[in-house]
Amino acid sequence: KILKPNLRRLLGAALLLTISFSAQAHHSHGNYDVRSYTHVEGTVIAVIWLNPHIWIHLETDEGETWALEGGSIQAVASSGGWAKGDINNGDRIAARCHALRDGANGCLLGFITPEGGEERVFD
């Protein structure tokens, strides 16, 4: 009887650790065609600056809305030097990114060029 409660606690702790590590695991980018880049440009209509990924929603000149998936806050800051507030609603940007395989208006960001600026990593 003494081992049963301890065994339950041990198994419960192992289960919690497994769940917490699984929740932190990074997901696959298999839904994107990472073999080539596509180019999208337009006006930023939303910037969602949160982990695990920063999202930018863009309206193209043709009136299409695109969802651009960036890296984590830490990755974007360290690789491209980006900070919250560098891209805002109303800004014109160009993006070089990996398009969704299903042809929907979305992509995995690689690089962003602000209007009048130089291309920088956003991954």
Side-chain angles (χ1 to χ4, degrees):
K1 285 190 169 189
I2 292 174
L3 291 178
K4 280 191 175 183
N6 288 340
L7 184 57
R8 271 191 239 137
R9 283 189 204 115
L10 180 63
L11 290 174
L15 179 62
L16 286 174
L17 282 172
T18 302
I19 291 169
S20 67
F21 283 123
S22 296
Q24 292 177 7
H26 194 272
H27 62 82
S28 165
H29 291 306
N31 53 330
Y32 297 105
D33 180 5
V34 295
R35 296 170 297 165
S36 63
Y37 284 102
T38 191
H39 297 269
V40 179
E41 59 182 89
T43 303
V44 174
I45 56 175
V47 181
I48 304 164
W49 192 269
L50 56 89
N51 277 318
H53 297 275
I54 299 170
W55 287 87
I56 298 173
H57 294 262
L58 189 73
E59 184 175 323
T60 67
D61 293 337
E62 294 78 25
E64 297 176 328
T65 300
W66 279 67
L68 314 177
E69 180 181 358
S72 69
I73 293 170
Q74 294 83 0
V76 168
S78 65
S79 66
W82 295 95
K84 189 173 185 176
D86 286 349
I87 298 174
N88 299 290
N89 293 355
D91 289 355
R92 295 231 4 122
I93 64 168
R96 184 161 55 110
C97 52
H98 303 291
L100 283 165
R101 289 183 185 274
D102 67 2
N105 292 345
C107 63
L108 177 64
L109 279 166
F111 303 89
I112 289 182
T113 306
E115 188 170 39
E118 292 187 24
E119 182 179 77
R120 291 168 42 199
V121 174
F122 200 92
D123 183 22

Could you state whether L68 and L100 fall into the same hydrophobic cluster, counting links through intermediate Ile, Leu, Val, Met, Phe, Trp or Tyr residues with side-chain heavy atoms under 4.5 angstrom apart?
no

Rounding to 0.5 Å, atoms CD1 (I87) and CD1 (I93) come to a distance of 5.0 Å

For residues 104-122, which side-chain N or O atoms pair as donor and acceptor with protein atoms under 3.5 Å away, sequence neighbours left out?
{"from": "E119", "atom 1": "OE1", "to": "R96", "atom 2": "NH2", "distance (Å)": "2.8"}
{"from": "E119", "atom 1": "OE2", "to": "R96", "atom 2": "NE", "distance (Å)": "3.1"}
{"from": "R120", "atom 1": "NE", "to": "G80", "atom 2": "O", "distance (Å)": "3.1"}
{"from": "R120", "atom 1": "NH2", "to": "G80", "atom 2": "O", "distance (Å)": "3.1"}
{"from": "R120", "atom 1": "NH2", "to": "G81", "atom 2": "O", "distance (Å)": "3.3"}

query: Is there side-chain contact between W55 and E69, with heavy atoms separated by less than 4.5 Å?
result: yes

W49 meets the side-chain hydrogen bond (donor to acceptor under 3.5 Å, both in side chains) criterion, sequence neighbours left out, with none

For E59, the side-chain hydrogen bond (donor to acceptor under 3.5 Å, both in side chains) test, sequence neighbours excluded, returns none

Disulfide bond (SG atoms under 2.5 Å apart) pairs touching residues 39-80, sequence neighbours excluded, are none

Applied to residues 84-95, the side chain to side chain donor-acceptor pair (under 3.5 Å) test, sequence neighbours excluded, yields T43-R92, D61-R92

Residues passing the side chain to side chain contact (heavy atoms under 4.5 Å, CB included) test with S72, sequence neighbours excluded, are N51, Q74, A75

Counting only N and O atoms by type, is there a donor-acceptor contact under 3.5 Å from the side chain of H98 to the main-chain atoms of S36?
yes

request  = Return yes if some donor-acceptor pair links the side-chain N/O of H53 with the main-chain N/O of G70 below 3.5 Å, else return no.
outcome  = yes

Could you go through the side-chain contact (heavy atoms from CB on, under 4.5 Å) check for T60 and V40 one step at a time? CA-CA 7 Å; T60 67; V40 179; 3.9 Å; yes

